[in-house]
K.L.:
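Okay, here's the structure, questions in a sec.
Count residues from 1 along the sequence.
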Amino acid sequence: MKKKLLYYLLLLLFPAFSFAQEITGIWKGELYVDSTKKFYPFELTISEYKGKLTGYSRISFEENGIRQVVFRDHTIRIKDSSIIVEDDSQLAKASSISTPKEVKKVMILTLTRMDSSMQLSGTWSTNKTKRYLAASGSVKMQQKKDFKSTEIFKKLDSLSLAGKLSFNKPPVAGPAEEAIHLRLEKIELSGLASAGFPKKIITPPSKVVRPNPLIRPKEMPIARIEKALSPPEVKPVAVTTVAVKKPDAPVVKSTPVVKPKETTIAKVEKPPIPKTPAIVSKPAEKRNVVLPEQKNAAVDVAKRSVNSMQSFFYKSDSLQLTLYDNGEIDGDTVSVLLNGKVIIAKQGLNTRPNVHTIYFDKDSPDSMQLVMYAENLGSIPPNTGLLVIREGASIYEVRFSADLKTNAAVILRRKKGE
């Protein structure tokens, strides 16, 4: 009875081990964000070592006209028929920007097998914190057979992390598979016969056609059992000894093919951030203050009075400005000026955030005026909006109202001695 239970437990290991091996590799697709209604390129690696699944991910997006890339490390587990991918940490050396440590993303995926490919799809969500609302969306990816051409593999290779990917190595027996082999090696054919099991369960076909290159054929449990069952087939199994060592050659030759592409990818994923000697916003810098909408923005600012004045104290060398429509979406358009200079030109307001960053240097004044100028009144006067000023963890909200005769303003004051 004990032997039967042992045999059943050994056989149950095969499906779980097979599923984990099946999903290892690089998956490429798109991640959809519900709040922005946008798709972003997304890549995920799944690797297996000693029965534990891990992975890396890469997502790229555009912020203020500059492409940013974020790489993350993940823990992966299988629950029933779902694959659960959880954020672990950020690969700072690979990412172009940093992300909040307290925000973690969890993906719940399912595997779909198709005629010529496999697909992972499902949903994702983040946790809610004091500073950030929870986010959600969906993701859909396909397994890449030519994984060495993916952007995530090239970057991991440049960081000397590609060698940790289990699917980037010659096939070896995993712990579960090796344990089964050792167990089967100790099982005598007479014991199986007395337990009432058919001989065919001892030798899974997949183990015969894919021998372990780390174990000499004479020591392989599968070969020994196969010999007991079918003596004439022993020689074909032994002949594969020479063929098993051949996978080493392609691995050595493929390395110099991937390396030359590192320089190109590094330049794309880590674009140089321009150093600005004066106060400048990234969108304004990209437009280079020569486009028509920049020249024609806030043309009557000097003719209008200021109807409100608030103060915001800061100490860092940059601030993030986010504009929203504060009422019913009616086509309100504003321009923003800093000390009389247009830094945001004719920005339409809606429920989606319009994010801009302004920078300061040692020559910047300690007190500056930030003016919200109404370019129109929309369909429902006056022009109303919400300006959110963010400095690290500090958030300051300014609800402003402006028309064609008045402007709203905020005074930015640098903290002394900071």
Side-chain angles (χ1 to χ4, degrees), residues 63-64 130-131 273-287 289 293-327 332-378 381-418:
E63 183 180 27
N64 297 333
K130 293 182 178 180
R131 295 172 53 193
I273 301 176
K275 296 182 179 180
T276 53
I279 305 165
V280 114
S281 72
K282 288 185 178 178
E285 179 184 7
K286 188 175 181 179
R287 289 192 292 268
V289 296
E293 60 266 27
Q294 188 84 6
K295 290 183 177 181
N296 299 326
V299 292
D300 295 327
V301 65
K303 300 178 183 179
R304 301 182 186 182
S305 60
V306 177
N307 66 352
S308 62
M309 191 78 70
Q310 304 178 49
S311 295
F312 175 77
F313 291 87
Y314 71 95
K315 60 181 179 181
S316 64
D317 58 357
S318 66
L319 295 175
Q320 187 184 81
L321 308 180
T322 307
L323 291 168
Y324 301 88
D325 193 306
N326 192 39
D332 288 342
T333 303
V334 301
S335 293
V336 180
L337 301 89
L338 184 63
N339 274 10
K341 181 179 179 180
V342 176
I343 59 173
I344 302 174
K346 296 183 178 181
Q347 178 67 67
L349 302 181
N350 49 45
T351 56
R352 295 174 57 186
N354 298 293
V355 183
H356 305 267
T357 304
I358 57 176
Y359 298 88
F360 311 105
D361 59 20
K362 61 181 180 179
D363 297 324
S364 302
D366 292 336
S367 178
M368 292 170 287
Q369 186 181 57
L370 190 69
V371 173
M372 277 64 73
Y373 177 95
E375 293 287 356
N376 64 8
L377 300 180
N383 189 319
T384 57
L386 171 64
L387 172 66
V388 179
I389 305 176
R390 184 188 298 272
E391 180 191 19
S394 300
I395 299 175
Y396 185 70
E397 295 184 354
V398 181
R399 287 174 172 78
F400 61 88
S401 176
D403 53 33
L404 301 182
K405 293 183 179 180
T406 59
N407 297 321
V410 176
I411 301 299
L412 304 179
R413 301 184 188 279
R414 190 194 303 272
K415 290 184 180 180
K416 298 292 184 180
E418 300 262 344

K.L.:
Tell me which one of Arg414, Glu391, Lys415 satisfies side-chain hydrogen bond (donor to acceptor under 3.5 Å, both in side chains) with Ser316.
P.N.:
Glu391
K.L.:
Within the structure provided, determine whether Gln320 and Val388 are in side-chain contact (heavy-atom separation under 4.5 Å).
P.N.:
no
K.L.:
Report yes if the side chains of Thr357 and Glu63 come closer than 4.5 Å at any heavy-atom pair, otherwise no.
P.N.:
no
K.L.:
Between Thr333 (side chain) and Gly348 (backbone), is there a donor-acceptor pair under 3.5 Å?
P.N.:
no
K.L.:
How long is the span from the CZ atom in Arg131 to the CZ atom in Arg390, to the nearest 0.5 Å?
P.N.:
6.5 Å
K.L.:
Can you give me the closest heavy-atom contact between Leu338 and Ile358, atom names plus distance?
P.N.:
CD2-CD1, 4.3 Å
K.L.:
Closer than 3.5 angstrom, by distance alone: can the side chain of Tyr396 be matched with the main-chain N or O of Phe313 as a donor-acceptor pair?
P.N.:
no
K.L.:
If you take all heavy atoms of Ile389 and Leu412, which pair is closest and at what distance?
P.N.:
CD1-CD2, 4.3 Å
K.L.:
Quick one: does Phe312's side chain get under 4.5 Å of Val398's, heavy atoms only?
P.N.:
no
K.L.:
Which heavy atom of Thr406 sits nearest to which heavy atom of Ala402, and what is that distance?
P.N.:
O-CB, 3.6 Å
K.L.:
To the closest 0.5 Å, what do you measure between OH (Tyr359) and CG (Leu319)?
P.N.:
10.5 Å
K.L.:
Please name the pair of heavy atoms, one in Arg304 and one in Leu404, separated by the smallest distance, quoted to 0.1 Å.
P.N.:
NE-O, 3.1 Å
K.L.:
With a 4.5 Å limit on heavy-atom distance, are the side chains of Glu397 and Tyr324 in contact?
P.N.:
no
K.L.:
Show, in sequence, the C-alpha distance, side-chain angles and deciding distance for Ile343 and His356, and conclude whether the side chain to side chain contact (heavy atoms under 4.5 Å, CB included) test is met.
P.N.:
CA-CA 9 Å; Ile343 59 173; His356 305 267; over 6 Å; no
K.L.:
For the backbone of Thr322 and the side chain of Asn354, can you confirm whether one donor and one acceptor N or O come within less than 3.5 Å of each other?
P.N.:
no
K.L.:
What's the separation between atom CG in Leu377 and atom OG1 in Thr384, rounded to the nearest 0.5 Å?
P.N.:
10.5 Å
K.L.:
Quick one: closest heavy-atom pair of Asn407 and Ala374, and the distance?
P.N.:
OD1-N, 4.5 Å
K.L.:
Is Leu370 close to Leu387 at the side-chain level, that is, under 4.5 Å between some pair of heavy atoms?
P.N.:
yes
K.L.:
Ignoring hydrogens, what is the shortest heavy-atom contact between Ser335 and Lys346? Give both atom names and the distance.
P.N.:
OG-N, 2.9 Å
K.L.:
CE/Met372 to CG/Leu337 distance, rounded to the nearest 0.5 angstrom?
P.N.:
10.0 Å
